[in-house]
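In this text the structure is predicted, and so the values were computed from the model without any measurement. Letters A, B, ... are given to chains in the order of the sequence lines, protein chains preceding strands, and every chain is numbered from 1.
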Amino acid sequence: MSESVGGQGVPALEARSIVKSFGTVRALRGASFQAYPGEVTALVGDNGAGKSTLIKVLSGVYSPDEGEVLVDGRPVSIPTPQAASALGIETVYQDLALAPDLDAASNVFLGRELRRFKVLHDQREMRKRTAASFAELGVGLVQDLRVPVASFSGGQRQSVAIARAAMWAEHVIIMDEPTAALGVIQTAKVLELIHSVRERGLAVVFISHNLPQVIEVADRIEVMRLGARVARFRRGEAGVERLIASISGAYANEEVAR
Amino acid sequence: MSETTKALDAQVAADAAAAEEARPSRLRQLVATPIMATLAFLAVLLLAFSILAPGKFGTTSNLTLLAQNVAILTVASVGTTFVIATAGIDLSIPSGIILGEVFAAQALMMISAGDGKAIDVPADQTRAGYVLAALAGALVAGLVIGAVNGVLVAYMRIPPMLATLGTLGAGLGVALLIRKGVNVATYALNPVATGTLIPGVPGLTNLVLIGLIVVVIGYVALHHSVFGRHTLAIGSSEEAARRVGLRVERHLLKVYVLGGLANGFAGFLSLAYFSTTSVGGHTTDNLQAITAVALGGTSLFGGVATILGTLIGVWIPAVLQNGFIIIGVNPYWQMIAVGIVLVLAVWSDQLRRRSQNRR
Ligand SMILES: Nc1ncnc2c1ncn2[C@@H]1O[C@H](COP(=O)(O)OP(=O)(O)OP(=O)(O)O)[C@@H](O)[C@H]1O
Ligand SMILES: [Mg+2]
């Protein structure tokens, strides 16, 4: 059964039976998850289902109590966000985590500055590469690259955060509600951007509560409920109603060991 | 898809045009730049004092004196620009400077020179070794107080204002204890301040030269080095810095150590220039330095900083002091004026931030 809803080949990122508790709260109770290269995998579920906790385990913010994380089929440990980066996994957090007073290029390269003479940064080159990556990703940044991102609109800031992740991600991009705060135009831009990142062969993981949007964008949909995966669908297998049924527990196509 | 894309591109182009039109006028932009405002303020002060005290204020000798006085404060202000860039503050500047003086003097007292000690040699019999020993003493003092500040702020999470208030008091106490409340004079370091390594340029004493070198180093370090970039990033958003893997605590420690070293070095220069320690002096140096930094356009909320601004801002307190004395106004008015200027500078910073974040 899992083959019919699985993706192509070996998952770029996989979680197996992850358990994570915060004191007495069991946020994840044997959660599994797969994301395949060249595919957009949507992660949906009700508030408190454990989506953010799961992606934080996958991006090195939390370490799991039990279970395994695999990258390209190999078991790995991801103790810190830097470890995730080293594995080619980049995350766009919902609060974006940009330094508002720095310009776009400085943010994109923060912590990974291009250097001259070992201690100086090469701002010109960083700006050039940022502009190139924005162009490649179709980010329509109207402001020039010298102004602090604080003066950007929400959508432009989102674009910077996504462009940063897209620039450094080699395997997987994880985005926690990337369009939640965006207007129509900017949402379309971000969805376009997701497409172009996927075209590069990356695995895209995408959390959203907007089910029509999920159905439009995702190649695969994984549904979480009460800390575990309850259903998986390939593109076209589920409409909004079936998704709602899965989220609320009325439908499941996966056994959950509790 | 392609139609949506076209519509989007048209929208983006329209946005760009609108943004272009909405760009504020040149003049407003210029006035909005704090450096320009401070420069204008400085020009007004210079002009006013020149008119009020003709033949006294604007003379080469007075301006040279001003430059000397500014140089020492510049060194401390460059260091504290980094601290403020992290959204921190260093109130312990006076204790860093005084301990720098005292440690430098103590170092000179430990070195034998002829029948006496190095501290008692006249200026023309000093040696590079004495100067270096005094410098080392001053830097050790700065290092210690900076490291204490850094550990308190970065690792123990004490708010910078209180941590450095603590080291301000404690540092002054240590200096008084070491010196038993009595100052000591020395001429051994004079050449460091009053000599002229590059002769022929009016006003360019070694002290002024050293101040300029510190400014250049500070400029490169803040604006062109990865260290400076991380300093600004942490000041702008500690969380963002953490998420990209910057070691925030370690970096903050380094910044406070840098600030402490600058203060210790300023103490060394102060001892060289004034030929005496000054336990009980320098009481408003933190006020003056922080005002200079704020006037220059460095934001006390962190993330935005400019060394060139500091270089300009540092003249305001000094010119006020010097000018008031020359025109016969009680120089205590300078403290009042500087206090007011500081509050105004921070207020305008706040207004600027608010208008920027309104979007
Ligand atoms: N740091 C934490 N400490 C304690 N409990 C936590 C912590 N993080 C998450 N939880 C709990 O774990 C459960 C899952 O939370 P999580 O944020 O993963 O849900 P979510 O699926 O992302 O929800 P939403 O759609 O609202 O973002 C919730 O009950 C939450 O209260
Ligand atoms: Mg969440």
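Of all the heavy atoms in A/Ala97 and B/Arg243, the pair that sits closest is CB-NH1, 3.5 Å.
Interface residues of residues 223-239 of chain B toward chain A, defined by a heavy-atom distance below 4.5 Å and sorted by number: B/His223, B/His224, B/Ser225, B/Val226, B/Arg229, B/His230, B/Leu232, B/Ala233, B/Ser236, B/Ser237. Near-neighbour residues of residues 289-306 of chain B relative to chain A, defined by a heavy atom under 4.5 Å from a heavy atom of that chain, comprise B/Gly302, B/Gly303, B/Val304.
For A/Arg116, the CZ atom sits in a packed shell: over 12 heavy atoms of surrounding residues, nucleotides or ligands are nearer than 6.0 Å. By the 6.0 Å contact criterion, CZ on A/Phe22 is enclosed, its count of non-hydrogen atoms from other residues, nucleotides or ligands being greater than 12. Atom CZ of A/Arg235 is surrounded by more than 12 heavy atoms from other residues, nucleotides or ligands within 6.0 Å. Annotation for A/Glu170: atom CD does not count as buried by contact number, only 12 or fewer foreign heavy atoms lying within 6.0 Å.
In this structure the side chain of A/Asn107 never reaches within 4.5 angstrom of the side chain of B/Val244, judged on heavy atoms.
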